[in-house]
> 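My questions all concern the structure below.
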There are 2 protein chains.
Amino acid sequence: MPRIDDVARLAGVSTATVSRALRGLPTVSEATRSRVLEAAAQLGYIASPSASRLAGGKTRSVAVVVPRITRWFFATVVEAAEDAFHQAGYDLLLYNLGGSEHERQRLLHTSALYKRVDAVMLVATPLLADDFASVTGLKLPGVTVSSGTRVPGWPSIRIDDVAAARTATEHLIGLGHRRIAHISGDPSDELAFTTHIDRRQGWCQALLAAGIEPDAQLDVEAEFTVAGGGRAVAELLRRGAPPTAIFAACDEIAMGAMAALRQAGLRVPADVSVIGIDDHDLAGVVGLTTVAQPAAEQGRLAAATLLRPLTQDHGPVDDTVILPTRLTVRESTAPPRAH
Amino acid sequence: MPRIDDVARLAGVSTATVSRALRGLPTVSEATRSRVLEAAAQLGYIASPSASRLAGGKTRSVAVVVPRITRWFFATVVEAAEDAFHQAGYDLLLYNLGGSEHERQRLLHTSALYKRVDAVMLVATPLLADDFASVTGLKLPGVTVSSGTRVPGWPSIRIDDVAAARTATEHLIGLGHRRIAHISGDPSDELAFTTHIDRRQGWCQALLAAGIEPDAQLDVEAEFTVAGGGRAVAELLRRGAPPTAIFAACDEIAMGAMAALRQAGLRVPADVSVIGIDDHDLAGVVGLTTVAQPAAEQGRLAAATLLRPLTQDHGPVDDTVILPTRLTVRESTAPPRAH
DNA sequence: CTGAAAGCGCTTACAG
DNA sequence: CTGAAAGCGCTTACAG
């Protein structure tokens, strides 16, 4: 493989000039630049990334950290971000925590990211108190997506989870429901992962505003997955009389809940209404009413936010963006049956 | 940040010895090694990846190329592969082609991967004739997942698509269906992407074996997505009398088809049976009968296959593995109604 | 088992 | 606008 001095020799210039010409720096005459470009093309020259990185101190890479790439929201965010990063010429290093606390620690505390990337995008990554120091200690631009995480000084792209949950619950209340269950994450979670806390809060707020006391019997924990939704419904039914409606903190839970309800002989929405948050690709297929959030948009925006300090040399940005959600009514919600 | 000579000084050895000790090379005495480890720990030393890569000629990174990370199969493969690569200390560069021919070209033809990774994993990446030269020209170990791609000399991890399609079609035939539609990719596709070709072939084989002539009117093209399945059903219905059963080449198509059928006033399976291939996370939720394929297993195996030549110095491996599939019957298939 | 020295292939002040 | 030289921070023969 040709190296930079091969190109320099062929073009009759120094390696410094080759480097400058190829990177499009302005301090190269047009004549020289075209001679260099031609020589490089002729030789099929590609600069060695490792050498450029070592000499230049920039990796042109970003780390994207997600809990589970197999979940709709994260895959959608990553897809949009990937596009933006590659268009800008950045490599994307994917880190899938997979729910492993060990992985989280390894990534955040062993300086695994040190000199490996120029920026970090944390998607719904739970952070403990001392994680913040590690992450900030990287001295890199960062962005968080989804309110699950918030790093002081980093911009955050997300929706208003409390409001989204309120919207969902109000939709059920508006249909006439009073016994409205809530399925979401573990409230006692020590990790500073606030998504499910916020969504539970929205549920409470909406109920209280309607004069309904939130019932602990109707508040169930679950993993944010289809299987989690199924298990939560089983638990709900075990506890006694089923609710007339369920607000699930995400569509995957909601879809798992719908399936479990049907399996238990309950009809959706005739016996139990179900609403989620997301607008998952398959929400339409199962007729799930949901509060839609713009996942791809969040990925795109987060990438753009991260690229700004990298590609220009403006100071650090701190523009937190809260994107709108939208109630999307389908067939899984209806008024409760008259007794 | 401390550099290798800081560690060397503190441990009272040369940088060469630090390098050897930290990488666990056997030619270091235990006493020296522990002194070095201690010094490194004390300083919080982390080797600069760029410098190691430049000096050592290895990047400890792999490229994973997928068509769309938002599709179930690809996300699942990537999740499993990511785990294996990170456990082995390799970085994962994600490339999501997003259906863009331009992206494919850029990745494969501009030596974008040159000196950037030590190995390449192509998941269902369509390849044209001259792509093979580019890919092989990288002189890197590679592996392909899913029969959509096959690179001479590279191991391939996949299922038998023809057989899986035959199994699906035979299930429908066994229930008594004769008018069995097929929904899959574009058969005239110039790209050497054989998945949908193989699955169509399985459909034909099963029909012919049962003495049924494949009907071109019942053979519809579609993107491998929910929306694609919906559009395909619309097309099918436009063509005339609906089939009594549909074999969809993947679960996402199948689920889109189910939704579109219901929307058109047809019941599944009473009026039309539907079967897919995959066993998508949500197949159970919608009661979809399918031919299950082990996606995570394919990702795991592909990663392990790729890591073998990287971590040991055996020669290139060429062990193609064909994993088994399994018919999983749920509620979307039933005998046709008697006329 | 260990070290001195060269080298990996670029980029970046510095000087002109 | 261009070049000579130093330097980025490691690893790898080579020698002992």
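Here is the naming used below: chain letters follow the sequence lines, and residue numbers restart at 1 for every chain.
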> Do you know which two heavy atoms are closest between A:T225 and A:R71, and how far apart they sit?
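Closest heavy-atom pair between A:T225 and A:R71: CG2-CD, 4.4 Å.
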
> Contact class for A:T27 (heavy atom, under 4.0 Å): base, sugar-phosphate, or nothing?
base

> Does B:S14 place a side-chain N or O at less than 4.0 Å from the phosphate oxygens OP1/OP2 of C:dG3?
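It does, given that an N or O in the side chain of B:S14 lies less than 4.0 Å from OP1 or OP2 of C:dG3.
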
> Within the structure provided, determine whether B:F224 and B:R68 are in side-chain contact (heavy-atom separation under 4.5 Å).
no

> Does B:R23 make a side-chain N or O approach to OP1 or OP2 of D:dT11 shorter than 4.0 Å?
yes

> Whole Å only: how far is the CD1 atom of A:I4 from the C1' atom of D:dG7?
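Answer to the nearest Å: 15 Å.
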
> Under 4.0 Å between a side-chain N or O of A:S19 and OP1 or OP2 of C:dT11?
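Answer is yes, contact under 4.0 Å.
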
> Within a strict 4.5 Å, meaning less than it, do heavy atoms of the B:L107 and B:V65 side chains meet?
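When only atoms from C-beta onward are counted, B:V65 and B:L107 do touch, with a gap below 4.5 Å.
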
> Please report, rounded to the nearest Å, how far the P atom of C:dC10 is from the CZ atom of A:R60.
16 Å

> Go ahead and name the base partner of D:dA13; Watson-Crick or wobble counts if both distances stay under 3.5 Å, otherwise write none.
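Per the H-bond distance test, none.
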
> Using only side-chain N and O atoms of B:Y114, determine if any of them is under 4.0 Å from OP1 or OP2 of C:dG9.
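So the side chain of B:Y114 is outside the cut-off, no N or O lying under 4.0 Å from OP1 or OP2 of C:dG9.
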
> Check every atom of C:dG9, C:dC1, D:dT11 against the side chain of A:A55 and return the nucleotide holding the closest atom.
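The nucleotide sitting nearest to the side chain is C:dG9.
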
> Could you tell me which nucleotide pairs with D:dA4 by Watson-Crick or G-U wobble geometry, both distances under 3.5 Å, or answer none if nothing does?
none

> Roughly, in whole Å, what's the span from CG in A:L43 to P in C:dG9?
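Between P of C:dG9 and CG of A:L43: 15 Å.
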
> Any idea which of C:dC10, D:dC1, D:dC10 is nearest the A:S29 side chain?
D:dC1

> Under 4.0 Å, counting only non-hydrogen atoms across every strand here, what does A:K115 touch: a base, just sugar-phosphate, or nothing?
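Touches sugar-phosphate only.
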
> Rounded to the Å, how far apart are A:K58 NZ and D:dG9 P?
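It is 13 Å, rounded to the nearest whole Å.
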
> As a test of reading the structure: which of D:dC10, C:dC10, D:dT11 is closest to the side chain of B:Y45, going by heavy atoms?
D:dC10

> Can B:E38 and B:Q42 be counted as having a side-chain donor-acceptor contact under 3.5 angstrom?
no

> Students often get this wrong, so: under 4.0 angstrom with heavy atoms, is B:A47 touching a base, only sugar-phosphate, or nothing?
sugar-phosphate

> I'd like to know if B:R53 reaches the base of C:dG9 with its side chain, counting only an N/O donor and acceptor under 3.5 Å.
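No.
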
> Name the nucleic acid region contacted by A:S50, choosing base, sugar-phosphate or nothing; use a 4.0 angstrom heavy-atom cut-off, strictly under.
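It contacts nothing in the nucleic acid.
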
> How long is the line joining CE of A:M1 and P of C:dG9, in whole Å?
12 Å

> Taking CZ from A:R20 and P from C:dC14, how many angstroms apart are they, rounded to a whole number?
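To the nearest whole Å, that distance equals 14 Å.
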
> Do the side-chain N or O atoms of A:T32 get closer than 4.0 angstrom to the phosphate oxygens (OP1, OP2) of D:dT2?
yes

> Is a side-chain donor or acceptor of B:T136 paired with a backbone partner of B:A133 at a separation under 3.5 angstrom?
no

> Nearest to the side chain of B:R3 - D:dG3, D:dC10, C:dC10?
D:dC10

> Between A:V18 and B:L54, which has a closest nucleotide on DNA chain C that is more 5'?
B:L54

> Dump the intermediate steps for side chain to side chain donor-acceptor pair (under 3.5 Å) on A:T15 and A:D5, then the final yes or no.
CA-CA 6 Å; A:T15 59; A:D5 34 293; over 6 Å; no

> May I ask you to verify if any side-chain N or O of A:T17 is less than 4.0 angstrom from the OP1 or OP2 atom of D:dG3?
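So the side chain of A:T17 is within the cut-off, an N or O lying under 4.0 Å from OP1 or OP2 of D:dG3.
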
> Between A:L22 (CG) and C:dG9 (P), how many Å, whole number?
16 Å

> To the nearest Å, how far apart are A:L25 CG and C:dA13 C1'?
13 Å

